[in-house]
Amino acid sequence: MREAAISIVKFITLALGIQQTQISESFREGLYDVRMNCYPPCPEPERVLGIVPHADNSGITLLADCSDFPGLQFLKDGKWVGVEPIEGAIVANIGHIIEVMSNGIYKAPEHRAVVNKLKERLSIVTFCYPCPFIDIGPAEELIGEGNLPVYKKLTHEGYFSSFFQRNLDESFIDSLEI
Ligand SMILES: O=C(O)CCC(=O)C(=O)O
Ligand SMILES: [Fe+2]
């Protein structure tokens with residue numbers, strides 16, 4: 001997962017026109033949290049959610065869907081769209097850290113998980129974070145005349161304390177704006 005995360009972040013930075021590899025390399029010594037989600041069958045699936053709508057606070061998230069029916073959904077143009085699992089594939093999702101580092105060019109999408117009436121669903125999610133020594137702020141290459149920073153630059157510690165002290169009535173990413 002570490003190598004996959006480094007490669008994906010490298011392609012993201014290349015797509016942004018960033019030549020230096022400091023951002024992608026920061027995922028080599030980064031922090032990786034693994035969460036396993038189990039969604040038992042639910043007789044009234046329309047009345048509950050497996051995971052409420054949120055965007056991840058990671059750099060990127062890599063999700064292995066262990067089921068053969070959709071449960072993960074993303075909000076696209078105001079509608080929830082299910083992700084059809086593909087055997088052996090991993091879903092790569094942008095988190096708030098890459099949203100900040102890309103100065104908002106890449107967005108951390110809202111997603112949620114729904115439950116199934118008959119079948120249990122499992123997912124294994126790896127949240128990938130850069131190493132604690134890199135600041136979390138817009139990449140310098142993206143800032144210049146006419147391109148103002150949208151987000152504050154925070155230390156790793158500052159970013160996580162803002163996250164854990166966030167106002168739950170407000171969007172976290174909005175609270176990081178300058
Ligand atoms: O299980 C899923 O499909 C979604 C999990 C998720 O979004 C999360 O753990 O942050
Ligand atoms: Fe998530």
Side-chain angles (χ1 to χ4, degrees), residues 1-9 11-12 23-24 26-27 30-102 104-132 136 151 154 156 159-177:
M1 287 296 173
R2 191 175 294 266
E3 290 303 324
I6 296 164
S7 298
I8 292 167
V9 174
F11 283 115
I12 290 173
I23 294 178
S24 54
S26 71
F27 284 78
L31 306 172
Y32 289 74
D33 283 348
V34 177
R35 179 195 288 163
M36 294 184 193
N37 296 305
C38 175
Y39 305 98
C42 174
E44 295 187 86
E46 54 298 323
R47 297 187 65 193
V48 294
L49 283 171
I51 292 193
V52 293
H54 66 283
D56 296 339
N57 76 350
S58 55
I60 60 166
T61 303
L62 301 176
L63 180 140
D65 201 324
C66 309
S67 56
D68 55 6
F69 57 93
L72 173 62
Q73 297 183 335
F74 283 89
L75 192 59
K76 184 171 187 293
D77 303 329
K79 289 203 178 109
W80 290 104
V81 180
V83 178
E84 202 67 52
I86 301 171
E87 210 186 322
I90 282 175
V91 178
N93 185 16
I94 304 286
H96 283 138
I97 294 178
I98 289 290
E99 178 158 356
V100 169
M101 287 178 165
S102 72
I105 296 174
Y106 278 90
K107 301 280 183 214
E110 263 317 83
H111 57 285
R112 67 181 189 179
V114 295
V115 291
N116 188 277
K117 192 169 184 143
L118 304 172
K119 295 197 210 170
E120 177 182 271
R121 177 170 169 267
L122 297 173
S123 68
I124 305 174
V125 189
T126 307
F127 299 97
C128 314
Y129 301 92
C131 75
I136 297 175
Y151 298 109
L154 296 172
H156 197 268
Y159 173 81
F160 282 98
S161 56
S162 305
F163 179 74
F164 289 115
Q165 289 169 36
R166 71 195 183 281
N167 176 353
L168 295 176
D169 298 329
E170 204 192 309
S171 133
F172 175 55
I173 193 74
D174 289 352
S175 75
L176 300 179
E177 283 186 14

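Numbering of ligands and ligand atoms starts at 1, following listing order. Counting begins at 1 with the first residue of the sequence.
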Under 3.5 Å, side chain of Tyr32 to main-chain N/O of Phe27, donor-acceptor pair present? yes

Atom 9 (O) of ligand 1 - nearest protein heavy atom and its distance: Arg35 NH1, 2.6 Å

Any idea which atoms of ligand 1 are less than 4.0 Å away from a heavy-atom of Phe127? 8 (C), 9 (O), 10 (O)

Could you tell me, atom by atom, which parts of ligand 1 come under 4.0 Å of a heavy atom of Ser123? 1 (O), 2 (C)

Provide, to 0.1 Å, the distance between atom 10 (O) of ligand 1 and the closest protein heavy atom, together with that atom's residue and name. His54 NE2, 3.0 Å

The reported gap from CD1 in Ile173 to NZ in Lys107 (rounded to nearest 0.5 angstrom) is 8.0 Å

Identify, by atom number and element, the atoms of ligand 1 in contact range of Asn37, meaning under 4.0 Å from any of its heavy atoms. 1 (O), 5 (C), 9 (O)

Any side-chain heavy-atom pair of Tyr39 and Val114 under 4.5 Å: no

Vertex the Fe ion (ligand 2), arms to Asp56 OD1 and His111 NE2, rounded to 10°: 90°

One should read off an interatomic distance between Ile105 CD1 and Ile12 CD1, to the nearest 0.5 angstrom, of 11.5 Å

Hey, what do you get for CZ (Phe127) to CE (Met1), rounding to the nearest 0.5 Å? 12.0 Å

Against heavy atoms of Leu72, which atoms of ligand 1 measure under 4.0 Å? 3 (O), 4 (C)

Within 6.0 Å of CD in Glu87, more than 12 heavy atoms from elsewhere: no

So for Thr61 against ligand 1, with non-hydrogen atoms under 4.0 Å, the contacting part is neither

For Arg121 and ligand 1, answer yes if some heavy atom of the residue is under 4.0 Å from a ligand atom, otherwise no. yes

Could you list the atoms of ligand 1 found under 4.0 angstrom from a heavy atom of Ile51? 5 (C), 6 (C), 8 (C), 9 (O)

Output the list of atoms in ligand 1 that are nearer than 4.0 Å to some heavy atom of Asp56, sorted by atom number. 10 (O)

Just wondering, more than 12 heavy atoms not from Phe11 lying within 6.0 Å of its CZ? no

Just jot down the ligand 1 atoms closer than 4.0 angstrom to any heavy atom of Tyr39, in number order. 1 (O), 2 (C), 4 (C), 5 (C)

As an exercise, identify every atom of ligand 1 less than 4.0 angstrom from a heavy atom of His111. 7 (O)

Where does Leu63 meet ligand 1, judged by heavy-atom distances below 4.0 Å: at the side chain, the backbone, both, or neither? side chain

Is the centre of the Tyr159 ring less than 6.0 Å from the centre of the Tyr129 ring? no

Derivation and outcome, side chain to side chain contact (heavy atoms under 4.5 Å, CB included), residues Asp65 and Val83: CA-CA 10 Å; Asp65 201 324; Val83 178; 5.7 Å; no

